[in-house]
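In what follows, a single structure is set out as structure tokens and then discussed.
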Amino acid sequence: ARPQTLNKELLVDHLVLTVIAPDQPGLVERIAQCIAAHGGNWLESRMSRMAGQFAGILKVAVPAEGYDELVEGLQALNGQGIRVLVAESGIEPVCTWKPIHLDLVGNDRPGIVRDITRLLAEHGVNLESLTTEVAPAPMSREPLFHATALLAVPLDLSLDQLQDKLETLADDLMVELNLRSDE
């Protein structure tokens with residue numbers, strides 16, 4: 001059964017869409033037009049242009065009776081070169097984690113993301129969001145790797161313990177790493 005919520009006496013489905021297409025003006029408008037034309041409501045999104053491609057992930061609400069038509073409409077965008085992958089949203093888990101922000105910078109090299117995410121996964125830490133980029137250093141113009149992330153840290157994992165593990169790894173990777181809490 002699709003996850004549904006009661007909203008103004010109507011059953012509403014929530015979809016998570018992944019979109020990728022060659023970047024061009026009007027691309028987001030075509031996606032938004034398709035969603036609106038089928039009674040959908042664009043709730044939240046993260047979108048970006050990279051290497052000439054436009055990619056995004058978004059959450060859409062749609063009345064249950066319009067679900068199939070919206071999915072068909074989104075899939076029809078493929079004819080315009082817009083690939084859309086549709087997934088039904090899952091049930092949001094009860095909050096058993098604390099939000100921690102991670103900032104990392106260091107000389108670029110292969111494996112930084114793999115090594116950091118491996119350590120996080122080993123400690124039950126989930127990535128809520130991750131943004132990375134490689135940019136030239138201000139003076140030397142050497143490529144610097146930058147990462148910012150929002151981590152979902154289990155309540156039973158102390159921030160000091162996580163900080164110690166990450167600092168050890170940061171020393172091995174030769175990167176600077178900072179954790180901070182909103183508290």
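The first residue of the sequence shown is numbered 1, and numbering continues consecutively from there.
Distance check, rounded to the nearest 0.5 Å: CG of Leu151 to CD1 of Ile116 gives 10.0 Å. Rounding to the nearest 0.5 Å gives a distance of 7.5 Å between NZ of Lys165 and CG of Leu119. To the nearest 0.5 Å, atom CG of residue Asn107 and atom CE of residue Met174 are 7.0 Å apart. Taken from CG in Leu85 to CD in Gln75, the straight-line distance is 9.5 Å, to the nearest 0.5 Å. The structure places OG1 of Thr168 at 7.0 Å from CG of Asp172, a figure rounded to the nearest 0.5 Å.
What you find for Gly124 and Pro154 is that their closest heavy atoms are O-CG, 3.2 Å. Minimum heavy-atom separation, Ala149 to Leu130: CB-CD1, 4.0 Å. Contact between Leu27 and Pro22 at its shortest, heavy atoms only, is CD2-O, 4.0 Å.
Both Leu120 and Leu179 sit in one connected hydrophobic cluster of ILVMFWY residues. Membership requires side-chain heavy atoms under 4.5 Å apart, directly or through other members. Under the 4.5 Å side-chain contact rule for hydrophobic residues, Leu166 and Leu150 do not share a cluster. Under a hydrophobic clustering in which Ile, Leu, Val, Met, Phe, Trp and Tyr are joined whenever their side-chain heavy atoms come within less than 4.5 Å, directly or via other members, Trp97 and Val125 fall into different clusters. Taking hydrophobic clusters as Ile, Leu, Val, Met, Phe, Trp and Tyr residues chained together by side-chain heavy-atom distances below 4.5 Å, Phe145 shares a cluster with Leu169.
Residues Glu72 and Tyr67 have side chains that never bring a donor and an acceptor to within less than 3.5 angstrom of each other.
Under the rule for a side-chain contact (heavy atoms from CB on, under 4.5 Å), the partners of Ala170 that lie at least two apart in sequence or sit in another chain are Val175, Leu177. A search for salt bridge (charged side-chain N to carboxylate O under 4.0 Å, His left out) contacts involving Arg83 returns nothing, not counting sequence neighbours. Remark: Gln80 pairs with Arg30, Leu77, Ile82 by the side-chain contact (heavy atoms from CB on, under 4.5 Å) rule, at least two apart or across chains. With sequence neighbours excluded, the residues that form a salt bridge (charged side-chain N to carboxylate O under 4.0 Å, His left out) with Asp23 are Arg49. With sequence neighbours excluded, the residues that form a side-chain contact (heavy atoms from CB on, under 4.5 Å) with Arg109 are Ile112, Asp115, Leu173. In terms of the salt bridge (charged side-chain N to carboxylate O under 4.0 Å, His left out) criterion, Asp108 has no residue partners (sequence neighbours excluded). Judged as a side-chain contact (heavy atoms from CB on, under 4.5 Å), and not counting sequence neighbours, the contacts of Thr117 are Val113, Leu127. Residues satisfying the side chain to side chain donor-acceptor pair (under 3.5 Å) criterion with Arg46, sequence neighbours excluded, are absent altogether.
Shown here is Gln53, whose CD atom has more than 12 heavy atoms of other residues, nucleotides or ligands within 6.0 Å.
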Using a 3.5 Å cut-off and no angle test, enumerate the donor-acceptor pairs between side-chain atoms of residues 33-44 and protein atoms at least two apart in sequence or in another chain.
unit_1 : atom_1 : unit_2 : atom_2 : d
His38  : ND1    : Cys34  : O      : 2.8
Trp42  : NE1    : Ser45  : OG     : 3.2

Show the atom names and distances, to 0.1 Å, of all donor-acceptor pairs under 3.5 Å that link a side chain in residues 155-163 to residues at least two apart or in another chain.
unit_1 : atom_1 : unit_2 : atom_2 : d
Ser158 : OG     : Gln161 : N      : 2.9
Gln163 : NE2    : Glu167 : OE2    : 2.7

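The hydrophobic cluster containing Leu144, built from Ile/Leu/Val/Met/Phe/Trp/Tyr side-chain heavy atoms closer than 4.5 Å, also comprises Val105.
The side chain to side chain donor-acceptor pair (under 3.5 Å) analysis of residues 123-150, with sequence neighbours excluded, yields no pairs.
Residues Leu17 and Val60 have side chains in contact (heavy-atom distance under 4.5 Å, counting atoms from C-beta outward).
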Handout entry: Residue pair Val28, Met47: steps toward the side chain to side chain contact (heavy atoms under 4.5 Å, CB included) verdict
Key = CA-CA 9 Å; Val28 174; Met47 300 185 153; 4.1 Å; yes
### Task
Take His14 and Glu88 through the side chain to side chain contact (heavy atoms under 4.5 Å, CB included) test and state the conclusion after the steps.
CA-CA 6 Å; His14 291 95; Glu88 295 170 2; over 6 Å; no
